[in-house]
Amino acid sequence: MFKAKINSIAVSHGKKVVDNEYYFEHFKKKGKDIEHFFKDVLGRDKRYMIDNDKENTMTLAVDAAEAALKKSGLTGADMDMVIFSSQLPEYVAPPSSIYLHGILKGKKSCICYDVNTNCTGMTICYEQAVKYMSVTPHVKRVLIVGCDYISITIDPDDERFHGHYGDAACAIVLEKTDTEAGLIDSIVSTISDQYDAAIFPPNGVSNMLRYMNMENRYLKSTQNDFDVPKEGVYSITSILERNNLKIDDISVFCFSQYAVINIQKIREELGIKEERCLYIGDEYGYTGTTSPFIAFYEAEKRGLIKRGDYYIMWTIGAGMEHIGILCKY
């Protein structure tokens, strides 16, 4: 076990709540009925949205980070590492992690870097940070913050994605510990034969900056035949078998919140009880890099997990890459 406990976790999201009726009416005017898709496939009900020019990935990230630090009783100056995960950060220069470090008044001896592995980002950050801590004596506390603002990239005429996303940040404070808590195992798979199934900017950053037209603004996506539940079952089964554990040994499963139908299929295949595998996409929308951690946040808030319990996170990112991690809280 790589020993590092989640000291605290916090969430910040857009202030506007938008329910399904807005999107039903929006697409009805275009002659499209999306009710079944939204309710039964995606599992959407409402979502938290950014609705002003002042909020963005950085403002939400700062709010979540400050809340997580306050809950932990620590400050930015106590962090030995700051990692920021986003597929569309507000700034690329300086890195958003350094921007955060400055706002939180971090100390000089602190490592800062940004990560973009799309929706797997925050989970990979967690895995990599815990392993780094295990071989670096002076790195004792790490702040990981994730935030995606995907809704701004979506074509309002595309019923596959418009209304799918919510805007939210999540922050965790990791801390070295002598107790039996931390990362036990991880499994990562990359299947890149459909690497071009979802692309943003659709014509590349150079063309977006060169021409800045509407064609370059929206996410470009093509239909793919990737079997998401199959890969989830493979990851979870493999990581349990490698560690001589069973489904009933795991208190909480925190999966990608991309679509409720994927979670339902994985539950059915593995015999996971619904109450131990939260779906929170009906409240938050799909939040990208943070989605399994927001599920964990809600599980903790509802008293579904306690110190010493096993939990599994599993999520998938464009490309396709998926990661599963087995941890003890």
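Since the model is a prediction, treat every value here as computed from it, not as a measurement.
In this structure, the side chains of Arg47 and Glu283 stay at 4.5 Å or more apart for every pair of heavy atoms. Side chains of Leu74 and Met79 form a contact here, defined as non-hydrogen atoms less than 4.5 Å apart. The closest side-chain heavy-atom distance from Gln257 to Ile263 is below 4.5 Å. When side chains are defined from C-beta on, Ile239 does not count as touching Trp314, because their heavy atoms never get closer than 4.5 Å. The closest side-chain heavy-atom distance from Ile325 to Ile312 is not below 4.5 Å. Residues Val18 and Tyr23 form a side-chain contact, since some pair of their non-hydrogen atoms from C-beta on lies under 4.5 Å apart. With contacts defined as side-chain heavy-atom distances shorter than 4.5 Å, the pair His13/Thr287 does not qualify. Side chains of Ile316 and Tyr258 form no contact here, defined as non-hydrogen atoms less than 4.5 Å apart.
One side chain, Asp167 or Ser151, offers a donor N or O that lies under 3.5 Å from an acceptor on the other. Side-chain contact of Thr179 with Thr177: a donor-acceptor pair under 3.5 Å is present, judged by distance alone. Checking Ser85 against Thr289 by side-chain atom types alone, a donor-acceptor pair falls below 3.5 Å.
Residue-environment remark: NZ (Lys71) exceeds the threshold of 12 foreign heavy atoms within 6.0 Å. For Asp193, the CG atom sits in a packed shell: over 12 heavy atoms of surrounding residues, nucleotides or ligands are nearer than 6.0 Å. Taking a 6.0 Å sphere around NZ of Lys140, one finds it holds 12 or fewer heavy atoms contributed by other residues, nucleotides or ligands. Lys16 NZ: 12 or fewer foreign heavy atoms inside a 6.0 Å radius. In the displayed structure, Glu274 atom CD is contacted under 6.0 Å by at most 12 heavy atoms of other residues, nucleotides or ligands. Dense packing is recorded around NZ of Lys107, with more than 12 heavy atoms of other residues, nucleotides or ligands lying under 6.0 Å away.
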Worked check of side-chain contact (heavy atoms from CB on, under 4.5 Å) between Tyr113 and Met81: CA-CA 8 Å; Tyr113 65 91; Met81 180 183 284; 4.2 Å; yes
Ser96 and Glu90: CA distance, side-chain angles, deciding distance, side-chain contact (heavy atoms from CB on, under 4.5 Å) verdict: CA-CA 7 Å; Ser96 294; Glu90 186 67 9; 5.5 Å; no
Verdict with reasoning, Leu174 to Ile144, per side-chain contact (heavy atoms from CB on, under 4.5 Å): CA-CA 8 Å; Leu174 286 178; Ile144 301 175; 3.7 Å; yes
Audit row: Leu326, Ile250, side-chain contact (heavy atoms from CB on, under 4.5 Å) steps and yes/no: CA-CA 9 Å; Leu326 169 65; Ile250 310 302; 3.9 Å; yes
Worked check of salt bridge (charged side-chain N to carboxylate O under 4.0 Å, His left out) between Asp155 and Arg160: CA-CA 10 Å; Asp155 184 345; Arg160 297 171 304 162; over 6 Å; no
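Note that CG of Leu270 and CD1 of Ile272 are 4.5 Å apart. Values are rounded to the nearest 0.5 Å. How far CG of Asn118 is from CD1 of Ile150: 8.0 Å, rounded to the nearest 0.5 Å. Taking CD from Glu35 and CZ from Phe24, the interatomic distance works out to 4.5 Å, rounded to the nearest 0.5 Å. Here CD1 of Ile172 is found 4.5 Å from CZ of Phe293. Values are rounded to the nearest 0.5 Å. For the atom pair CD1 (Ile83) and CG (Asp114), the distance works out to 10.0 Å, reported to the nearest 0.5 Å. Expressed to the nearest 0.5 Å, how far CG of Asn262 lies from CD of Glu231 amounts to 11.5 Å.
The main-chain N or O of Leu245 is never found under 3.5 Å from a side-chain atom of Asn243 such that the two would form a donor-acceptor pair. Between the side chain of Ser235 and the backbone N or O of Gly232, no donor-acceptor pair lies under 3.5 Å. The main-chain N or O of Met133 is found under 3.5 Å from a side-chain atom of Lys176 such that the two form a donor-acceptor pair. With hydrogens and angles disregarded, a donor-acceptor distance shorter than 3.5 Å links the side chain of Tyr279 to the backbone of Gly43. Formation of a donor-acceptor pair under 3.5 Å by the Asp19 side chain with backbone atoms of Lys46 is not found in this model.
Ile247 and Gly271 get closest at one heavy-atom pair: CG2-O, 4.1 Å. Here the closest non-hydrogen pair linking Leu104 and Ala65 is CD1-CB, 4.0 Å. Of all non-hydrogen atoms in Asp51 and Glu55, the two that sit nearest each other are N-OE1, 4.3 Å. The shortest heavy-atom contact between Glu321 and Thr117 is OE1-CB, 4.0 Å. Considering every non-hydrogen atom in both Arg267 and Leu278, the closest pair reads NH2-C, 4.3 Å. The shortest heavy-atom contact between Val145 and Leu143 is CG2-CG, 3.8 Å.
Taking the six-membered ring where the residue is Trp, Tyr234 and His322 present perpendicular rings, their angle passing 60° and hence far from 30°. Under the 30°/60° scheme for interplanar angles, the aromatic rings of Phe27 and His162 are found to stand perpendicular.
The pair Lys301-Glu298 counts as a salt bridge, with a side-chain nitrogen and a carboxylate oxygen less than 4.0 angstrom apart. For Glu66 and Lys70, the salt-bridge test fails: no basic side-chain N is under 4.0 Å from an acidic carboxylate O.
Phe253 and Tyr329 fall into different hydrophobic clusters, where Ile, Leu, Val, Met, Phe, Trp and Tyr are joined by side-chain heavy atoms under 4.5 Å apart, directly or via other members. A chain of hydrophobic side-chain contacts below 4.5 Å, direct or via other Ile, Leu, Val, Met, Phe, Trp or Tyr residues, connects Ile191 to Val228.
Residue pairs meeting the ring-ring contact (aromatic ring centres under 6.0 Å, His included) criterion with at least one member in residues 53-94, sequence neighbours excluded: Tyr91-Tyr99. Applying the ring-ring contact (aromatic ring centres under 6.0 Å, His included) rule to pairs touching residues 124-160 yields nothing, sequence neighbours excluded.
Scored by the side-chain contact (heavy atoms from CB on, under 4.5 Å) test, Phe37 finds Val41, Leu42 as partners (sequence neighbours excluded).
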